[in-house]
2 protein chains.
Amino acid sequence: MTITTDTETEKRGWTQNPDAVKRDILSVAISEFAANGLSGTRVDTIASRTRTSKRMIYYYFGDKQGLYIKALEEAYRVLREGEAALDLDDLPPREALAKLVAFTFDHHRRNPDFIRIVMIENIHHADHLAQSEVARAMDVPALGKLAEVCRRGQEAGVFRPGLDPVALHWQVCALSVFNVSNRPTFSTIFGTALFEEAAQERLRAQLVEMILALVEQPHP
Amino acid sequence: MTITTDTETEKRGWTQNPDAVKRDILSVAISEFAANGLSGTRVDTIASRTRTSKRMIYYYFGDKQGLYIKALEEAYRVLREGEAALDLDDLPPREALAKLVAFTFDHHRRNPDFIRIVMIENIHHADHLAQSEVARAMDVPALGKLAEVCRRGQEAGVFRPGLDPVALHWQVCALSVFNVSNRPTFSTIFGTALFEEAAQERLRAQLVEMILALVEQPHP
DNA sequence: TCCAAGATGTTCCGGTTGGTACATTTCGTC
DNA sequence: GACGAAATGTACCAACCGGAACATCTTGGA
């Protein structure tokens with residue numbers, strides 16, 4: 001009868017630890033789903049990369065699709081948690097928008113696995129996202145901040161009226177997501193030059209310029 | 001002994017018709033792979049939607065992956081065939097570029113299945129594309145035309161020097177592809193407004209403006 | 001100290017699925 | 001008109017894989 005105190009979670013003895021087991025499974029699942037897609041992923045493979053067994057996957061997540069949905073929710077959660085940490089309140093509208101756009105670009109680059117899960121969900125026509133009230137009801141900090149910056153900019157008279165924050169978000173997302181999601185095919189065909197650090201910084205700068213130009217004047 | 005003349009290919013009697021059989025299989029395969037991904041697609045399903053049998057798939061394409069690669073090659077071929085038909089020679093650089101960009105946006109919209117296959121290939125890290133000499137060696141008309149338009153514009157003094165056609169292509173593709181590839185998740189979260197006709201036309205116009213602004217002056 | 005509910009491990013199963021063996025027909029050509 | 005190669009159809013299989021059955025252990029509370 002050992003007394004493994006096990007203060008910092010995760011230990012083997014074994015002691016029961018539902019939360020750690022769930023987290024362990026979910027983290028492996030995200031990486032497997034991101035790498036192989038929904039039908040390409042093997043539940044046995046996930047289990048084998050886990051400290052626990054396949055039994056636990058079904059115990060906690062019901063079935064493969066249930067696990068996938070949780071992974072999808074987690075992907076969105078992490079992406080949005082990162083956005084929420086961004087503070088723009090101290091900056092004037094122009095600079096705030098520039099910072100937000102540049103951040104979005106970098107943030108997507110830093111989280112390729114989550115972008116890939118979103119791609120996979122798109123392949124499946126967003127059916128599981130539609131099922132998940134959690135993910136659908138989730139706040140989208142980037143859009144909120146964007147709308148707020150637009151409002152401030154218009155109030156200050158530096159942005160033109162009639163801006164559509166959702167359309168702006170769509171444009172920023174498009175470049176930021178494409179940069180990650182289509183990198184394999186794009187670089188296979190056109191070479192890897194655009195994905196080296198210097199080129200990425202230039203693309204990011206151009207994205208910021210494009211968005212600012214779009215927001216400032218209709219026709220100069 | 002019937003004498004089914006069978007002038008316009010595709011008939012059952014049956015007569016032998018290797019080319020029609022191959023085309024039949026490939027066309028079904030494209031739609032199935034686009035809908036379900038590589039591992040999500042069932043060879044039996046493809047066979048059942050065909051006028052022929054599973055036997056023929058393996059006879060002509062070797063295995064599932066071989067069929068997938070052919071579908072991938074065909075997807076790229078169709079996309080680029082469409083681009084090649086575009087004629088820009090009669091237009092001045094600015095208008096030519098505008099037409100090319102608008103066309104690319106529309107062309108992607110019109111071919112969602114092929115965009116989806118490219119997405120799927122990205123999920124698989126472009127491994128099969130790398131294997132396919134056919135697809136890799138294929139000409140990319142859109143990039144050629146883009147480079148040509150840039151050259152003309154610079155020669156005429158209306159575009160700024162130092163343009164990178166590949167980067168421009170990347171930007172145009174990003175918006176055009178994202179518009180199709182991420183529509184399911186995006187519209188599930190933000191609603192379908194951006195995907196109605198009027199909004200799509202506005203997005204296209206803004207894309208054209210963005211690219212022109214990028215190309216004309218460094219800092220006005 | 002005991003018990004019920006929760007957590008975990010082990011083993012196995014039945015349907016699915018990519019792929020093949022075997023048999024038959026068509027067709028160009030000599 | 002016959003013969004061999006190409007084309008096609010049918011039936012089948014072995015492996016894989018999601019999921020379940022069964023058994024055991026842990027733990028908090030009464």
Side-chain angles (χ1 to χ4, degrees), chain A residues 1-7 9-29 32-33 35-71 120 124 128, chain B residues 1-7 9-29 32-33 35-71 120 124 128:
Chain A
M1 204 164 281
T2 49
I3 308 193
T4 26
T5 33
D6 185 24
T7 41
T9 61
E10 226 117 343
K11 204 61 190 304
R12 202 43 5 84
W14 51 287
T15 351
Q16 284 184 185
N17 198 343
D19 287 342
V21 167
K22 268 188 265 192
R23 276 202 312 278
D24 186 15
I25 292 174
L26 196 53
S27 127
V28 173
E32 282 294 315
F33 282 129
N36 308 107
L38 175 48
S39 34
T41 291
R42 303 294 144 228
V43 178
D44 288 280
T45 306
I46 294 178
S48 73
R49 286 186 49 195
T50 293
R51 266 184 238 80
T52 171
S53 66
K54 185 161 66 159
R55 176 72 180 76
M56 289 294 91
I57 293 176
Y58 289 95
Y59 187 67
Y60 285 122
F61 298 94
D63 57 9
K64 188 184 182 179
Q65 177 172 309
L67 178 57
Y68 170 78
I69 290 179
K70 292 295 182 192
I120 287 160
H124 293 280
H128 314 88
Chain B
M1 204 165 281
T2 48
I3 309 194
T4 27
T5 33
D6 186 22
T7 41
T9 59
E10 227 117 344
K11 204 64 191 303
R12 208 32 12 82
W14 53 284
T15 351
Q16 284 185 185
N17 198 343
D19 286 342
V21 168
K22 267 188 266 192
R23 276 203 312 277
D24 187 15
I25 292 173
L26 196 53
S27 126
V28 174
E32 281 294 315
F33 281 129
N36 308 108
L38 175 49
S39 34
T41 291
R42 303 292 145 233
V43 179
D44 288 280
T45 305
I46 294 178
S48 74
R49 287 186 48 194
T50 293
R51 266 184 238 80
T52 171
S53 67
K54 184 162 68 159
R55 176 72 180 76
M56 289 293 92
I57 294 175
Y58 288 95
Y59 186 67
Y60 285 122
F61 298 95
D63 57 9
K64 187 184 183 180
Q65 177 172 308
L67 178 58
Y68 169 78
I69 290 179
K70 294 294 183 194
I120 287 160
H124 294 281
H128 314 89

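Chain A is the first sequence line, chain B the second, and so forth, proteins listed ahead of strands; every chain is numbered from 1. Just so it is clear, the values below take in all heavy atoms, side chains as well, and ignore hydrogens, waters and symmetry mates.
Partners of A:His124 according to the ring pair (Phe, Tyr, Trp, His ring centres under 6.0 Å) rule, which considers only residues two or more places apart in sequence or in another chain, are A:His128. Here B:Lys70 pairs with B:Leu26, B:Phe61, B:Glu73 under the side-chain contact (heavy atoms from CB on, under 4.5 Å) rule; sequence neighbours left out. In this structure B:Ser27 satisfies the side-chain contact (heavy atoms from CB on, under 4.5 Å) test with no other residue, sequence neighbours excluded.
The separation between A:Asp24 atom CG and C:dA7 atom C1' is 15 Å, rounded to whole Å. To the nearest angstrom, P of D:dT10 lies 15 Å from CD1 of B:Ile57. The interatomic distance linking B:Tyr59 (OH) with D:dA7 (C1') rounds to 5 Å, in whole Å. Residue B:Lys54 contributes atom NZ, which lies 21 Å from atom P of D:dA7 at whole-angstrom precision.
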- Item | Worked check of side chain to side chain contact (heavy atoms under 4.5 Å, CB included) between A:Val43 and A:Leu67 | CA-CA 10 Å; A:Val43 178; A:Leu67 178 57; over 6 Å; no
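Put simply, the side chain of B:Tyr59 does not reach to within 4.5 Å of the side chain of B:Val21, judged on heavy atoms. When side chains are defined from C-beta on, B:Ile57 does not count as touching B:Thr50, because their heavy atoms never get closer than 4.5 Å.
Contacts between residues 62-69 of chain B and DNA chain D, defined by a heavy-atom separation under 4.0 Å, are absent. Residues of residues 37-50 of chain B having a heavy atom closer than 4.0 Å to DNA chain C, listed by number: B:Thr41, B:Arg42, B:Val43, B:Asp44.
Taking CD1 from A:Ile25 and OG1 from A:Thr52, the interatomic distance works out to 5.5 Å, rounded to the nearest 0.5 Å.
Nearest nucleotide to the A:Arg55 side chain, out of D:dA21, D:dG9, C:dT20: D:dA21.
Applying the side-chain hydrogen bond (donor to acceptor under 3.5 Å, both in side chains) definition to pairs two or more places apart or across chains, those involving residues 36-48 of chain B are B:Asp44-B:Lys54. Under the salt bridge (Lys or Arg N to Asp or Glu O under 4.0 Å) criterion, no residue pair touches residues 55-67 of chain B, with sequence neighbours excluded.
Regarding contacts with the backbone of D:dT10, every side-chain N or O of B:Ser53 stays at 4.0 angstrom or more from both OP1 and OP2.
Between A:Tyr58 and B:Met56, the residue anchored nearer the 5' end of DNA chain D, judged by the nucleotide with its closest heavy atom, is B:Met56.
A:Tyr60 comes within 4.0 angstrom of the backbone, heavy atoms only, and of no base.
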